[in-house]
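When a ligand or atom number is given, it counts from 1 through the structure's own listing order. Quick note: numbers below take in every heavy atom, side chains included, and nothing from hydrogens, waters or symmetry partners. For this chain, numbers begin at 1 and follow the sequence in order. Here the structure is a predicted model, which means the values were calculated and not measured.
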Amino acid sequence: MKEFKHFINGEYVGSASGKTFENRNPVDNSLIGMVHEAGQPEIDAAVAAARAAMKGPWGKMTQTARIDLLNRVADRINERFEEFLEAECKDTGKPRKVASHIDIPRGAANFKAFSETLANHPTEAFKMDTPDGRGALNYGHRKPKGVIAVVSPWNLPLLLMTFKVGPALACGNTVVVKPSEETPATATLLGVVMNECGVPAGVYNVVHGYGGDSAGEFLTSHKGVDAITFTGETRTGEIIMRAASVGLRNISMECGGKNPGIVFADCDMDKAIEGTMRSAFVNCGQVCLGTERVYVERPIFEEFVRRLKEGAEKLKMGRPEDKAVDFGPLVSQEHKEKVLSYYRLAVEEGATVVTGGGVPDMGEALNAGAWVEPTIWTGLADDSRTVNEEIFGPCCHIRPFDTEEEAIALANDTDYGLAATIWTENTTRASRVAEAMDVGLAWVNSWFLRDLRTAFGGAKQSGIGREGGVHGLEFYTELKNVCIKL
Ligand SMILES: NC(=O)c1ccc[n+]([C@@H]2O[C@H](COP(=O)([O-])OP(=O)(O)OC[C@H]3O[C@@H](n4cnc5c(N)ncnc54)[C@H](O)[C@@H]3O)[C@@H](O)[C@H]2O)c1
Ligand SMILES: N/C(=C\C=C\C=O)C(=O)O
């Protein structure tokens, strides 16, 4: 039976309590292995190892040496590509086609991108006048923040965890990672790569377990943690912020969304359909940046609905290793029940079910998996729960609009503020509408096109802070001003 152990101080260790929990493959609900559940002893050991590593060779390493090491980690992930792909697809059920283009390549890129950013980012300096005429020189000096707790979700496990670990290590910190209880595999495997590349023991640590009253809570409330970076549900973010407030630990929050897509009549319809298909259904709709609310200008509303329905009904469901498959299951039975509860709610709230709304017959071998149909609704009220609450599944609601002002108002009418997509061939309108969106990320005639030098994060209840590019520096370092009297 496969075991997923903690990775602490460069070694794989089990839980002192002996407590474990099941890890199941959502494709067919088969048992992958048992995951060790960390208790306070394992969290204490991981945080102590991370602290000790700050005082060891890692803390004394030059930035150039650190960057070389992290580039080696990126190369080693690519060399072990198949292993990471297999692990990620087993944990999540996602098609190999998806993970091999998104999750694993980004797992490597997240180490390279931030190293380059760091190596080329200037510091600030100010020459000031003084009464004696000699003046003084001020310059900014950055030091690593220390031991960073990384709490990550299950939808893009390797990508989202390394989007934090990459910059954290590039800036000289050490990390204790608590991956989602649903997806322990790739975070665990990364420990092997860290050892192979010569990253000193204690720099990268992984502890497994749940959130509340388990590893997540013990880690985020641990006094030895200097800062917490979290990706997950907004409600969880609120809980973690309360824990971080004790001892004034800094937080970086990447949370939920209910993202709008606005499709104008002057759009390139093929692009808009292709882009909305991906943003609604890729990764079985389990992408925080995905589109769950689509607003279409009335003249093309019927055609858009018809063509999106056609696309949804052509999606090929099946095992990850089937090259033709582009649609996998949800991550777990629990999440399947949550999404199906919204499928029922939508009907109760008066939706017209354009397509989907149920569970596909996947045949005897797969019917125990977390399969749901890609679903499209129309006809719901703007204040319905289905249109306002994050579902995080392969579903979207399409509504017509008549004016640009109406579309902007509808799109912004949400407590979230993560992402928006805008489809129009009029670039003046595109920039005007994008700038009117109360979000952290707006895509025009595209979706999930990612330049890692750009700011990434959410507004309103979708997050706090920005990661990506130089923006992560503010969170992962302490900036000091040095003033030298000349
Ligand atoms: N903004 C982004 O970049 C982004 C990216 C991906 C996912 N998400 C969001 O994440 C959610 C889906 O992921 P999820 O279901 O894993 O989210 P979640 O909040 O349930 O869990 C996220 C992580 O937090 C841990 N956790 C849960 N309760 C905790 C607690 N009390 N203390 C400490 N840790 C705790 C979990 O174990 C997991 O590791 C969706 O809302 C999605 O929108 C946001
Ligand atoms: N953080 C990123 C993606 C988030 C996806 C949400 O599910 C990224 O592309 O860096």
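Contacts of V287 with ligand 1, taken as heavy-atom pairs under 4.0 Å, are absent altogether. Heavy atoms of E390 found under 4.0 angstrom from ligand 1 belong exclusively to the side chain. The proximity of L418 to ligand 1, defined as any non-hydrogen pair under 4.0 Å, is limited to the side chain. At a heavy-atom cutoff of 4.0 Å, ligand 1 is contacted by no atom of A243, backbone or side chain. The proximity of L289 to ligand 1, defined as any non-hydrogen pair under 4.0 Å, does not occur for either the backbone or the side chain.
Between D28 and R319, at least one side-chain N (NZ, or NE/NH1/NH2) sits under 4.0 Å from a carboxylate O, which counts as a salt bridge. A salt bridge links E86 with R96: the closest approach of a Lys/Arg side-chain nitrogen to an acidic carboxylate oxygen falls below 4.0 angstrom. In summary, R142 and E474 engage in a salt bridge, as defined by a charged side-chain N under 4.0 Å from a carboxylate O. Between D413 and K258 there is no salt bridge, since no side-chain N of the basic residue sits under 4.0 Å from a carboxylate O of the acidic one. Between E22 and R24, at least one side-chain N (NZ, or NE/NH1/NH2) sits under 4.0 Å from a carboxylate O, which counts as a salt bridge.
Between V151 and ligand 1, no pair of N/O atoms sits closer than 3.5 Å. Looking at ligand 1, you'll find an N or O of K178 within less than 3.5 Å of one of its N or O atoms. The distance criterion of under 3.5 Å between nitrogen or oxygen atoms is met by T236 with respect to ligand 1.
At least one heavy atom of S152 sits less than 4.0 Å from an atom of ligand 1. Ligand 1 does not have G458 within reach: every non-hydrogen atom of the residue lies 4.0 Å or more from it. The closest approach between a heavy atom of A215 and any atom of ligand 1 is not below 4.0 Å.
Sorted by chain and number, the heavy-atom contacts of ligand 2 below 4.0 Å come from R106, N155, L156, L159, L160, F163, V287, C288, L289, F448, R450, F456.
Residue nearest to atom 32 (N) of ligand 1, selected from H208, E233, E217: E217 (by heavy-atom distance).
A donor atom on one side chain and an acceptor atom on the other are not found under 3.5 Å apart for K271 and N445.
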